[in-house]
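All of these numbers come straight from a predicted model, not from anything done at the bench. What's counted below: heavy atoms across the whole structure, side chains too, no hydrogens, waters or symmetry copies. Ligands are counted one by one from 1 in listed order, and the atoms in each one are counted from 1 as well.
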Amino acid sequence: MNQLLRALPGWSVWLLGLMPLAWLVWLVFFGGLGVDPVKEIEHRLGKIGLWFLVGGLAISPLRRLGVNALRHRRAIGLLAFLYVALHFLAWLILDMGMLWGQAGRDLLRRPYLFLGILGLALMLPLALTSNDASIRRLGRAWRRLHWLTYPAVLLGVAHYLWQMRIVSTEGWLWLAAVLGLILLRFRPR
Ligand code: HEM
């Protein structure tokens, strides 16, 4: 497994990670998004973003189990940011039509959107410093900054559960997965 992960070139993780986006673009042009395509786009992008966020969170605990995907953590984190940012843009552009008044009213009507925005805002400095120059320049501060991953994922999951109103089994499983991964991460060696 580790040999395979090590042999996997960085670009192939990007290629695989961008496939759900390519599939979504395909569905936009050739149909298959149902009666409310905007909602469907919004939901799909949010869910894919969550997959990558949780995938990124799983890398450290997996390493303790002997599976080393550390090399691909940056790509997975950036893919998470990309999908969550597109999810936000789908809401702002496709759903709200870039009408700021309407967006403001929607935020007040659905407070869980604030949790999502806060989660995305926490991911922004992580994405901006995910390059070798920033890692070198920030040194220890870079590691501290990357602790923001945990509140960002928790906010994302809270936003997801809250928008459901009645939380489904799937929702509880996502919460359990995130809490479990965070606990594993901080479990003493
Ligand atoms: C860490 C950040 C975020 C994560 C992980 C996230 C994830 C999700 C997920 C998984 C869903 C449900 C998808 C489904 O049911 O299949 C969702 C729904 C939604 N999210 Fe986010 N999201 C985030 C940030 C945002 C932001 C910044 C906005 C825009 C203000 C936003 C707006 C929405 C909307 C409008 C819905 C649909 C709600 C509905 O249908 O009633 N999200 N999000």
_Arg136 vs Trp142, side chain to side chain contact (heavy atoms under 4.5 Å, CB included): CA-CA, chis, key distance, verdict_ = CA-CA 9 Å; Arg136 266 195 308 274; Trp142 186 88; over 6 Å; no
I'd like a table of donor-acceptor pairs (distance under 3.5 Å, sequence neighbours excluded) in which one partner is a side-chain atom from residues 3-18, with atom names and distances.
residue	atom	partner	partner atom	Å
Ser12	OG	Pro9	O	2.5

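- No part of Leu92 comes within 4.0 Å of ligand 1, judged by heavy-atom distances.
- Only the side chain of Tyr112 comes within 4.0 Å of ligand 1, counting heavy atoms alone; its backbone N, CA, C and O stay farther away.
- Of all the heavy atoms of Lys39, the ones lying under 4.0 Å from any atom of ligand 1 belong exclusively to the side chain.
- Hydrophobic clustering (side-chain heavy atoms under 4.5 Å, transitive across Ile, Leu, Val, Met, Phe, Trp, Tyr) keeps Leu108 apart from Tyr112.
- The side chain to side chain contact (heavy atoms under 4.5 Å, CB included) test applied to Phe186 returns Trp147, Tyr150, Ile182, not counting sequence neighbours.
- For the pair Arg44 and Leu27, the tightest heavy-atom approach, listed with the atom from each and the gap, is NH1-CD1, 3.4 Å.
- Under a 4.0 Å criterion applied to the non-hydrogen atoms of Arg110, ligand 1 contributes the atoms 35 (C), 38 (C), 39 (C), 41 (O).
- A donor-acceptor pair under 3.5 Å is formed between the side chain of Ser130 and the backbone N or O of Leu126.
- Using cut-offs of 30° and 60° on the angle between ring planes, the pair Trp26 and Trp23 is parallel.
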For residues 87-96, dump all side-chain donor-acceptor pairs below 3.5 Å to protein atoms at least two apart in sequence or in another chain.
residue	atom	partner	partner atom	Å
His87	ND1	Glu42	O	2.7
His87	ND1	Gly46	N	3.2
Trp91	NE1	Asp106	OD2	2.8

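- Shortest contact from atom 15 (O) of ligand 1 to any protein heavy atom: His43 ND1, 3.1 Å.
- Near Ile117, meaning under 4.0 Å from any of its heavy atoms, are these atoms of ligand 1: 27 (C), 30 (C).
- Protein atoms of type N/O/S that fall under 2.8 Å from atom 21 (Fe) of ligand 1 number 2 in this view.
- Distances below 4.0 Å separate heavy atoms of Lys47 from the following atoms of ligand 1: 10 (C), 16 (O).
- Between the Asn68 side chain and the Asn2 main chain, no donor and acceptor come within less than 3.5 Å of each other.
- No donor-acceptor pair closer than 3.5 Å links the side chain of Tyr83 to the backbone N or O of Leu53.
- Ligand 1 has no atom lying under 4.0 Å from any heavy atom of Leu155.
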